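Take a look at the structure set out below.
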Amino acid sequence: QVQLVESGGRLVQVGGSLRLSCTASGRTFSSLTMGWFRQAPGKEREFVAAIRWIGGSTYYADSVKGRFTISRDDADNTLYLQMSSLNAEDTAVYYCAAEFYGEITAPQYEYDYWGQGTQVTVSS
């Protein structure tokens, strides 16, 4: 079993930057492909970024490419999402998710473990 806890969400101004963290329980973090997803008010949850369990390959949604960077620290069981040039459309609850030995292009339903989410609000 894997438990995920996100942190770092807060109110930030348009154009600002923010780093989200996701800490995983257990000793299996290095076997997990990790993803970030988000859900804006009134919208379905959507993919943001993913990082593969081995090799560090990454994959981004077009809407965040060049602005967001996903990374991981396997020694600390922590996933990060560095966000910059934030705009109002980035306002959402951000979730991290995990899948054992998954592919970075995997759809949401293939992720087996989810955190509770952290709120990011971008305001002008």
Side-chain angles (χ1 to χ4, degrees):
Q1 191 75 352
V2 177
Q3 293 184 327
L4 304 173
V5 179
E6 302 96 336
S7 62
R10 62 175 175 86
L11 175 66
V12 63
Q13 289 190 331
V14 169
S17 298
L18 194 62
R19 188 177 79 163
L20 305 182
S21 301
C22 171
T23 301
S25 64
R27 303 179 181 179
T28 57
F29 187 76
S30 61
S31 301
L32 296 167
T33 284
M34 302 295 298
W36 285 102
F37 296 81
R38 67 186 182 185
Q39 187 167 21
K43 295 186 177 180
E44 294 187 351
R45 188 167 59 190
E46 65 176 2
F47 169 78
V48 175
I51 185 165
R52 198 162 182 259
W53 65 278
I54 191 169
S57 298
T58 58
Y59 180 57
Y60 295 92
D62 288 343
S63 59
V64 306
K65 201 173 295 183
R67 300 188 300 122
F68 291 10
T69 301
I70 188 172
S71 62
R72 63 190 296 159
D73 184 338
D74 287 356
D76 284 341
N77 284 11
T78 303
L79 174 74
Y80 299 102
L81 184 67
Q82 179 67 48
M83 304 185 293
S84 62
S85 301
L86 287 162
N87 56 60
E89 289 70 39
D90 297 316
T91 295
V93 177
Y94 284 71
Y95 300 90
C96 67
E99 179 194 5
F100 279 104
Y101 308 113
E103 293 302 326
I104 54 177
T105 55
Q108 290 190 40
Y109 63 79
E110 292 193 4
Y111 283 82
D112 297 314
Y113 305 98
W114 292 82
Q116 294 299 306
T118 187
Q119 176 71 48
V120 173
T121 303
V122 183
S123 174
S124 57

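This is a predicted model, so every value here is computed, not measured. Sequence positions, counted from 1, serve as the residue numbers for this chain.
Of the possible polar contacts, one joining the T118 side chain to the G9 backbone as a donor-acceptor pair under 3.5 Å is found.
The neighbour count for E46 CD, taken as heavy atoms of other residues, nucleotides or ligands under 6.0 Å away, is above 12.
Taking the side chain as every heavy atom from C-beta outward, Q13 and L86 never approach each other to under 4.5 Å. The side-chain heavy atoms of F68 and V48, taken from C-beta on, include a pair separated by under 4.5 Å. Side-chain contact between T69 and Y60 is present, with at least one heavy-atom pair separated by less than 4.5 Å. A 4.5 Å side-chain heavy-atom check between T91 and Q119 finds at least one atom pair inside the cut-off. For the pair R52 and T58, the minimum side-chain heavy-atom distance is 4.5 Å or more.
Atom CD of residue Q1 and atom OG1 of residue T28 lie 10.0 Å apart, to the nearest 0.5 angstrom. Interatomic distance, OG of S7 versus CZ of R19, reported as 9.0 Å (0.5 Å rounding). Here CG of L4 is found 7.0 Å from OG of S25. Values are rounded to the nearest 0.5 Å. For the atom pair F47 CZ and T105 OG1, the distance stands at 8.5 Å (nearest 0.5 Å).
The cluster map of Ile, Leu, Val, Met, Phe, Trp and Tyr, joined by side-chain heavy atoms under 4.5 Å apart, puts V93 and Y113 in different clusters. The hydrophobic cluster containing I104 does not contain W36, counting ILVMFWY residues as joined when their side-chain heavy atoms lie under 4.5 angstrom apart, directly or transitively. When the side chains of ILVMFWY residues are joined at heavy-atom separations under 4.5 Å, either directly or via intervening members, I70 and W53 end up in a single hydrophobic cluster. There is a path of hydrophobic side-chain contacts, each under 4.5 Å, that joins V2 to Y101. Taken together through direct or relayed side-chain contacts under 4.5 Å among Ile, Leu, Val, Met, Phe, Trp and Tyr, V64 and Y80 form parts of separate hydrophobic clusters.
In terms of heavy-atom proximity, E103 sits nearest to T33 at O-CG2, 4.1 Å. Of all heavy-atom pairs spanning E99 and A106, the tightest one is OE1-CB, 3.6 Å. Nearest heavy atom pair, residue D73 against residue F29, reads O-CE2, 3.9 Å. The heavy-atom pair separating R72 from S30 by the smallest distance is NH2-CA, 4.0 Å. Contact record, E6 with G117: OE1-N, 2.8 Å, taken as the closest heavy-atom pair. The two residues S123 and L11 have their closest heavy-atom pair at CB-CD1, 3.7 Å.
Here the two rings, on Y95 and F37, have centers that are 6.0 Å apart or farther.
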CA sep, side-chain torsions, deciding dist, call: M83, V12, side-chain contact (heavy atoms from CB on, under 4.5 Å):
CA-CA 11 Å; M83 304 185 293; V12 63; over 6 Å; no

Show the numbers, then the answer: is there a side-chain contact (heavy atoms from CB on, under 4.5 Å) between R38 and V120?
CA-CA 9 Å; R38 67 186 182 185; V120 173; over 6 Å; no

Chi angles and distances behind the side-chain contact (heavy atoms from CB on, under 4.5 Å) call for L32, F100:
CA-CA 4 Å; L32 296 167; F100 279 104; 3.6 Å; yes

Show your reasoning for whether side-chain contact (heavy atoms from CB on, under 4.5 Å) applies to L18 and R10.
CA-CA 8 Å; L18 194 62; R10 62 175 175 86; 3.2 Å; yes

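Of the options N77, L79, T78, V5, a side-chain contact (heavy atoms from CB on, under 4.5 Å) to C22 is made by L79 and by none of the others.
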